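Read the structure below first, then the notes.
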Amino acid sequence: MSAERRGARAAIVSDRGSAPAAVIAWVGMAVTMLGALSLLGLGAAAQARADTAADLAALAGADALAAGSGDPCPIAGEVARRNGAQLASCAVAGRDVIVTVAVDAGALPPVSGRARAGPAPSSGLPR
């Protein structure tokens, strides 16, 4: 066998085994992307939970304030807790209740939601 043929044969033989390495690289990249997307989804779901809990807590607090039940913040805190959030702050501004809640996002830092609720503004429109 000539040296030239042996070199060509060695080149063909040396390519063997490169496909599994490429497959492993692609699988690793796909797993990494799936992990990143799942973290993104986890964060989006936690933010939605925080926004919902803040809205409901503010509405409950505003309802308690309108009913004359005293301090609306304990009621807002209870509603936030029942919706998987922790009341971070609560303030009364006139007839409005402003709340900020925090929700645990698992592997991510906690996310917060903020909401304001009160009576609807009176408009000059006929009923």
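As a basis for the values below, the full set of heavy atoms in this structure was taken, side chains included, without hydrogen atoms, waters or symmetry mates. Being a predicted model, the structure only gives us computed values, none of them experimental.
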*Hey, is CD on Gln47 packed in by over 12 heavy atoms from elsewhere, all under 6.0 Å?*
yes

*Counting only heavy atoms not in Met33, do more than 12 fall under 6.0 Å of its CE?*
no

*Co-members of the apolar cluster containing Leu108 [side chain, <4.5 Å]*: Leu39, Leu42

*When rounded to the nearest 0.5 angstrom, what is the spacing between CZ in Arg95 and CG in Leu65?*
8.5 Å

*Does Gly35 offer a backbone N or O that forms a donor-acceptor pair with the side chain of Ser38 under 3.5 Å?*
yes

*Please name the pair of heavy atoms, one in Ala57 and one in Val99, separated by the smallest distance, quoted to 0.1 Å.*
CB-CG2, 4.2 Å

*Val97 and Leu87: same hydrophobic cluster, using ILVMFWY side-chain contacts below 4.5 Å?*
yes

*Calculate, to the nearest 0.5 Å, the distance between atoms CD and CG belonging to Glu78 and Asn83 respectively.*
10.0 Å

*Considering all heavy atoms of both residues, which atom of Arg116 and which atom of Asp96 are nearest to each other, and what is their separation?*
NE-OD2, 3.0 Å

*What heavy-atom pair brings Ala105 and Pro109 nearest, and what distance separates the two atoms?*
CB-O, 3.4 Å

_Nearest heavy atoms of Ala50 and Val101, plus distance in Å_ = O-CG2, 3.4 Å

_Which residues share a side-chain contact (heavy atoms from CB on, under 4.5 Å) with Leu59, sequence neighbours left out_ = Ala117

_ILVMFWY cluster membership beyond Val79 - transitive side-chain contacts under 4.5 angstrom_ = Leu56

*Could you tell me which non-hydrogen atom of Thr100 sits nearest to which non-hydrogen atom of Ser112, and how far apart they are?*
CG2-CB, 4.4 Å

*Which pair of heavy atoms, one from Ala53 and one from Ala85, lies closest together, and at what distance?*
CB-CB, 3.6 Å

